[in-house]
Amino acid sequence: MRRIFNKPTTWVFEVSLFIMMWFVLLAASYSSREKRQIVADILVSRLPKYSSLVLGIAANIVVLAFTVIVGYYGSHTCLDAYQNHITSFGLLEYPKWILYLVFPLTMGLLFLQVLRNSLLDIKFLSSLKKETDAHETAPIKLLFGFTVAIGIGIYFMYVAPFAGIVMLVLCFISGGVPVGVALGMTGIIGMFTNFGEFQSLTMVPVIIEKTLYNFILLAIPLFIMGGVILARCGIGERIYDMVSKWSGSIPGGLSMATIVACALVSAMIGVSTAVAGAIGLIAIPQLLAHGYTKELSYGSVAGGALGVLIPPSAGLIVYGFLTNSSVASLFAAAFIPAAILIGFFVIYVFFVSILSGNYKRVSFTWAQKITATQKAFLGLLAPGIVLGGIYTGTFTPTEAAAVFVVYCLVTAIIYKQIDWKIFIGILKESAILGSSLMMIIIGAMILSNLVAHLRIPRLLTEWIVASGFSPSIVIACLLAMYVILGMFLDGLAITVLTIPVIYPLMPVLGLNVVVFGVVLMVIIEMALITPPVGLNLFIVQAITKDNILTIAKGNLPFAAMMFMVAIILLFYPKISLWLPELLSIG
């Protein structure tokens, strides 16, 4: 719009951000209906059905409490804006109560949806009761333990807030509460116990507004939508077909093709699990049919999906938002480490294939290779247009995300892979994924507000300085912490939960903010293929129905290579910084 009108278009930003607030909070109800919120269900999924339903109802009660608090204080904010005739600032002036109306309406919808889910679960419980009479005390004990743990966490919020925060977050998350609500409720409880009880909760809708009314974060749902369009319209299949035809005759060629195809699709989607799903459906049957071992086939898909690391990465966008860093600089810094990692994967696959002999060479004619390249050409242009536009200054990363969506739609139309039904499906999937991620950021920012007011980062920095620990030991502990957290939590949750605390420590530890962001994304990629909660492992399991241990075994070498690259980047930060410095981005 800036290019068309050749003048500032602040009103475009305001309209986009207005829609963003409504989109995220409205879509939360739809995500709840489809039961697609991001949940760390490592405990809940392993419980007997009756017990998991009981704990699920308890988790729903926590969500209901969250909706009531946000809706109630959001209503007060809306009413105050209406009575005082508060208007927005900027070229597009409108009464702010119209924006704040989002809180009571969307939280009311979410309350009703969660209540409906709970009633359906209670109904299902009654039908299971006869089958579980012999063990009916187990769910009661589980529910009692969950309640007591919350009570202990609240008690510690009064006497030792940091311990209380850790206990409540772990309790809520392990109990099956959606990650965003778990973080948000912990923040709300901490605000209540430490800062004037009910009066302090008036800040909750203000924090949510500041989080969602943010032009940087607007890129996340847009990049996700572009990725969903590409995944639904067969672009990934075309790319895999092209790469496999060019590399099929090399030892391990199909496995290499899978890794390279994952990298190329990652440069369009930005979410590793979506990449693993898109390529896994195509590649795994092909790999197994051509004699590759299960372990190597599964590792090539789950390990090769680097959507969190390769730009445009949702993880890097969030990290840039939390650390006030240039997203363009983070994107540039991730390129060479991603290329090194892909190189390690390809070399590993090459030698493993030669040593084992478990592969078949597949040869294609030049005509077949050129035809496959032509079919994938428009899809391959997408990352070049997006990143080229950012680095040439044609548009910002958020504007690039909008361009990406439009380009993907045009490509799908040219390929004749989209109709009205598919488009509606794309909108629904984009709403679920985008809202689920943004709800985690909302919860994290509520918790971060508490952490900042308690001065936890400053106190932690002072303690590290006074303790005399060397920066190397502290950094080693941080890496170990991230590896452990990655076994249980989603990567985005890890980022938003830890970075507000660790960011102030970076100058003390001698860490470059941009380099650490890339290292963190590599560790998160590692977490996605690390049991027991490696999400990419479960994506592969859903495709293959194979044993999770077999899938995890195939991914261990890929996880080891990721950890090695993370260590290399810490010792040689210039690897990440060379390209941003060359492009003069900062």
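- A pairwise comparison of heavy atoms in S266 and G307 identifies OG-N, 3.3 Å as the closest pair.
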Next on the checklist: Run N117 and Q113 through side-chain contact (heavy atoms from CB on, under 4.5 Å) and show every step you take.
Outcome noted: CA-CA 6 Å; N117 292 347; Q113 183 58 57; 3.0 Å; yes
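- Judged purely by atom type and a 3.5 angstrom limit, T202 uses its side chain to pair as donor or acceptor with the backbone of Q199.
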Next on the checklist: Pair M438, L217 - check side-chain contact (heavy atoms from CB on, under 4.5 Å), show working.
Outcome noted: CA-CA 8 Å; M438 294 305 298; L217 295 183; 3.9 Å; yes
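- To the nearest 0.5 Å, atom CG of residue L556 and atom CE of residue M561 are 10.5 Å apart.
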Next on the checklist: side-chain contact (heavy atoms from CB on, under 4.5 Å), that's the test. Do T544 and Y298 meet it? Break it down for me.
Outcome noted: CA-CA 9 Å; T544 64; Y298 300 159; 3.6 Å; yes
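- Annotation for N324: atom CG does not count as buried by contact number, only 12 or fewer foreign heavy atoms lying within 6.0 Å.
- Residue I152 holds its CD1 atom at 11.0 Å from OG1 of T147, rounded to the nearest 0.5 Å.
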Next on the checklist: Could you walk me through whether K35 and D121 satisfy the salt bridge (Lys or Arg N to Asp or Glu O under 4.0 Å) test, starting with their C-alpha distance in whole Å, then the side-chain angles of each, then the deciding distance to 0.1 Å, before giving a yes or no?
Outcome noted: CA-CA 12 Å; K35 298 191 174 180; D121 287 344; 3.7 Å; yes
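- Residue L459 comes nearest to L454 through the heavy atom pair CD1-O, 3.9 Å, listed as atom of the first residue, atom of the second, then distance.
- For S32 against L110, the heavy-atom pair with the smallest separation is CB-CD1, 3.9 Å.
- With a 4.5 Å cut-off on side-chain heavy atoms, T495 and I524 count as touching.
- In this structure a side-chain-to-backbone donor-acceptor pair under 3.5 Å is present from E525 to L309.
- Nearest heavy atoms, V63 versus P178: CG2-CD, 3.7 Å.
- No more than 12 heavy atoms of other residues, nucleotides or ligands lie within 6.0 Å of OH in Y72, so this atom counts as exposed by the packing criterion.
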Next on the checklist: Evaluate E209 against Y100 for side-chain hydrogen bond (donor to acceptor under 3.5 Å, both in side chains), listing each step before the verdict.
Outcome noted: CA-CA 8 Å; E209 182 198 2; Y100 296 143; 3.0 Å; yes
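- Annotation: side chain of L306 is in contact with side chain of M562 (closest heavy-atom distance under 4.5 Å).
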Item to check | Residues F563, V522; criterion side-chain contact (heavy atoms from CB on, under 4.5 Å); working and verdict | outcome: CA-CA 7 Å; F563 189 73; V522 174; over 6 Å; no
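- Side chains of T498 and M481 form a contact here, defined as non-hydrogen atoms less than 4.5 Å apart.
- Between L142 and S51, the shortest heavy-atom contact is CD2-O, 3.8 Å.
- To the nearest 0.5 Å, atom CZ of residue F103 and atom OG1 of residue T67 are 13.5 Å apart.
- Among L112, L120, V114, the single residue meeting the side chain to side chain contact (heavy atoms under 4.5 Å, CB included) criterion with R116 is L120.
- Side chain of S325 to backbone of G320: no donor-acceptor contact under 3.5 angstrom is found.
- Judged by distance alone, the side chain of S435 and the main-chain N or O of A28 form a donor-acceptor pair under 3.5 Å.
- The aromatic rings of Y319 and F516 sit tilted, their planes meeting at an angle between 30° and 60°.
- Nearest approach of N555 to G299, heavy atoms of both residues: OD1-CA, 3.5 Å.
- N84 places a side-chain N or O within donor-acceptor distance of the main-chain N or O of D80, the cut-off being under 3.5 Å.
- Contact check for I551 versus I529: no side-chain heavy atoms found under the 4.5 Å cut-off.
- With S52 contributing its side chain and K49 its backbone, the two residues share a donor-acceptor pair below 3.5 Å.
- In the displayed structure, F215 atom CZ is contacted under 6.0 Å by more than 12 heavy atoms of other residues, nucleotides or ligands.
- Atom NE2 of H453 sits in a sparse spot, with 12 or fewer heavy atoms from other residues, nucleotides or ligands closer than 6.0 Å.
- Within the structure, the ring pair (Phe, Tyr, Trp, His ring centres under 6.0 Å) test picks out no pair touching residues 155-190 (sequence neighbours left out).
- Formation of a donor-acceptor pair under 3.5 Å by the T193 side chain with backbone atoms of G190 is found in this model.
- Using a 4.5 Å cut-off on side-chain heavy atoms (C-beta onward), V513 and Y503 make contact.
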